[in-house]
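Below is one structure, written out as structure tokens; comments come after it.
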Amino acid sequence: MDIRLRSVKFDRKDLPVGTPVVGMVGGGQLARMTQETAVALGIQLRVLAEGPTVSAAQAVADAPVGDYKDLETVRRFAAECDVVTFDHEHVPTEILHTLEADGLKVHPGPNALVHAQDKAVMRARLDTFDAPSPAHQVVATPAEVEDFAKRVGGFPIILKTTRGGYDGKGVWFVDGPDDPQIATAFGSGVPILAEEKVDFVRELSAIVARSPHGQAVAYPIVESVQKDGICVEVTAPAPGLAPEKAAQAQQTALRIAGELGVVGVLAVEMFEARDGRLLVNELAMRPHNTGHWSIDGAVTSQFENHLRAVLDLPLGSPAARAPYTVMVNVLGGDVEDMHRGLLHCMARDPGLKVHFYGKSVKPGRKIGHVTAYGDDLEETRSRARHAAAYLTGTIDE
């Protein structure tokens, strides 16, 4: 018998009756992890991928490859879907307005998503309803940078590109008026936002999900640890956070989601300032790195609630399954074959959960994450840290 491999092309008429089709623009690890939930719920996930071997294209059948900045490419992709959502915030706003004008559902819509795309727009909108934020100002010249610094009590201050920055890129810590990073920032070719340098105790993240008809749920507030602008560790719930502070952070995130009309998951990254303030740092309108713990540690993961929200299904419980869950990112280092460490990690800790993203190893790149949960914080944290370190080759026992 001649059995040949063949490519199976997507055809909606071949799906079971009533199967919803969700399109996700972007083929990164967020889309890859969304696929797991989509399969369980019988949802057909379509992914517009940047290339044939990107993270999600390895997990989603027949993922079309195309440029998310090209209107006709996105239009053709969206026409196959009941609703379009995103793995990242970089799709041009004008394309999303065109999709809505075509009668297509886009969640979050462009009027909401622009607040995650443009930090200046975000800050201006948050100011209209007094969301707690660091002092800030759009600056166009070195003189305006110096004037802003005087207004907030002097240097150091922070400069950020209003668009396009992530994982520490597009952010500069400026120590004085002659700091060469001022010229570097203005040389980026992108408008620049100046912000006060907050004296903070730690960074927190409030993740909520909101549906089109306004139902919303809030996950436990988590503590995130950043290194070189990259999230390396998340603890849920944030240890030692007073219940009233946790409630305040959740209420702030829920209010932002409602005011901006967000549909789907919203992550509100915050500073817990040394003076007790909780200040909004950045917004992300998609599943977020600080919510990956929820895959194994919550009743309903952020990925499932994102899909439920964009399809306007009832949202699931965001409650934690255990007193503590710790997620540690596995970052690329000197070891290329990280799978070689699975035998040790799984044998040592049968309760450990490992998630790889199908990415080749590059220094500092997010290759995957590990999650541990339990009753004791230090033991749980130690388990997760050990596994991540072993997989990257930092330790060998």
Side-chain angles (χ1 to χ4, degrees), residues 1-92 95-96 98-100 102-109 113 263-265 285-287 292 295 301-313 339 354-360 365-369:
M1 180 182 295
D2 184 16
I3 300 176
R4 299 177 185 273
L5 292 174
R6 63 189 180 89
S7 176
V8 179
K9 295 296 183 182
F10 172 74
D11 191 332
R12 184 162 190 160
K13 71 176 187 299
D14 295 331
L15 298 176
V17 174
T19 300
V21 179
V22 175
M24 184 167 268
V25 179
Q29 63 260 30
L30 301 182
R32 181 186 179 103
M33 286 182 272
T34 302
Q35 170 70 332
E36 183 177 351
T37 285
V39 169
L41 293 177
I43 295 167
Q44 182 73 25
L45 185 69
R46 299 284 289 151
V47 169
L48 180 61
E50 297 83 353
T53 61
V54 296
S55 184
Q58 301 170 32
V60 179
D62 189 34
V65 174
D67 183 359
Y68 61 82
K69 299 185 293 296
D70 179 71
L71 172 60
E72 290 309 313
T73 296
V74 179
R75 223 174 190 170
R76 287 194 302 271
F77 171 75
E80 299 178 335
C81 307
D82 295 312
V83 60
V84 174
T85 188
F86 309 98
D87 170 271
H88 57 71
E89 292 98 348
H90 306 312
V91 181
I95 288 180
L96 305 183
T98 300
L99 296 185
E100 285 197 330
D102 289 345
L104 299 169
K105 291 182 181 179
V106 179
H107 292 322
L113 191 62
V263 172
V265 164
M285 295 182 191
R286 50 171 171 75
H292 291 354
I295 299 174
S301 77
Q302 64 166 345
F303 297 96
E304 180 171 345
N305 265 334
H306 187 73
L307 285 178
R308 289 192 189 199
V310 301
L311 290 170
D312 208 8
L313 296 171
H339 286 84
V354 180
H355 300 259
F356 282 137
Y357 304 153
K359 293 182 174 183
S360 57
R365 189 183 204 183
K366 292 175 185 172
I367 305 302
H369 70 266

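The chain is numbered in sequence order, starting from 1. Note that the structure is a prediction, hence the values are computed from the model and not measured.
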Do any N or O atoms from the side chain of [X] and from the backbone of [Y] form a donor-acceptor pair under 3.5 angstrom?
X	Y	value
Asp70	Thr73	yes
Asp87	Ala31	yes
Gln58	Gly358	yes

The criterion is ring pair (Phe, Tyr, Trp, His ring centres under 6.0 Å); which residues satisfy it with Phe77, sequence neighbours excluded?
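None.
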Using ring pair (Phe, Tyr, Trp, His ring centres under 6.0 Å) as the criterion, list what pairs up with His306, not counting sequence neighbours.
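Residues passing ring pair (Phe, Tyr, Trp, His ring centres under 6.0 Å) with His306: none at all.
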Within this structure, what is the [atom1]-[atom2] distance for the pair [X] and [Y], rounded to the nearest 0.5 Å?
X	Y	atom1	atom2	value
Arg76	Leu71	CZ	CG	9.5 Å
Arg75	Glu72	CZ	CD	5.0 Å
Arg286	Thr85	CZ	OG1	10.5 Å
His107	Leu113	NE2	CG	12.5 Å
Ser301	Glu36	OG	CD	8.0 Å
Ile295	Thr37	CD1	OG1	7.5 Å

Would you call [X] and [Y] a side-chain contact if the rule is heavy atoms closer than 4.5 Å?
X	Y	value
Arg46	Pro64	yes
Phe356	His339	yes
Val21	Glu80	no
Arg308	Leu311	no
Tyr68	His90	yes
Arg365	Ser360	yes
Leu104	Val84	no
His292	Leu30	yes

If I compare all heavy atoms of [X] with all of [Y], which pair ends up nearest, and what's the gap?
X	Y	result
Ala38	Leu45	CB-CB, 4.0 Å
Gly264	Val310	CA-CG1, 4.3 Å
Ala57	Pro52	CB-O, 3.5 Å
Ala59	Arg32	CB-CG, 4.1 Å
Ser55	Tyr357	OG-O, 2.5 Å

Is the NZ atom of Lys359 crowded by more than 12 outside heavy atoms at less than 6.0 Å?
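Yes, NZ of Lys359 has more than 12 neighbouring heavy atoms, counting only those of other groups under 6.0 Å.
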Test item: side-chain donor near acceptor, Arg12 and Thr19, under 3.5 Å:
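On atom types as modelled, these side chains do not qualify, holding no pair under 3.5 Å.
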On the 0 to 90° scale, with breaks at 30° and 60°, tag the His369-His355 ring pair as parallel, tilted or perpendicular.
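Ring orientation of His369 relative to His355: parallel.
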Write out all pairs satisfying ring pair (Phe, Tyr, Trp, His ring centres under 6.0 Å) with one or both partners inside residues 17-57, taking only residues at least two apart or from two chains.
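Every candidate ring pair (Phe, Tyr, Trp, His ring centres under 6.0 Å) pair involving residues 17-57 fails, so no pair, neighbours aside, qualifies.
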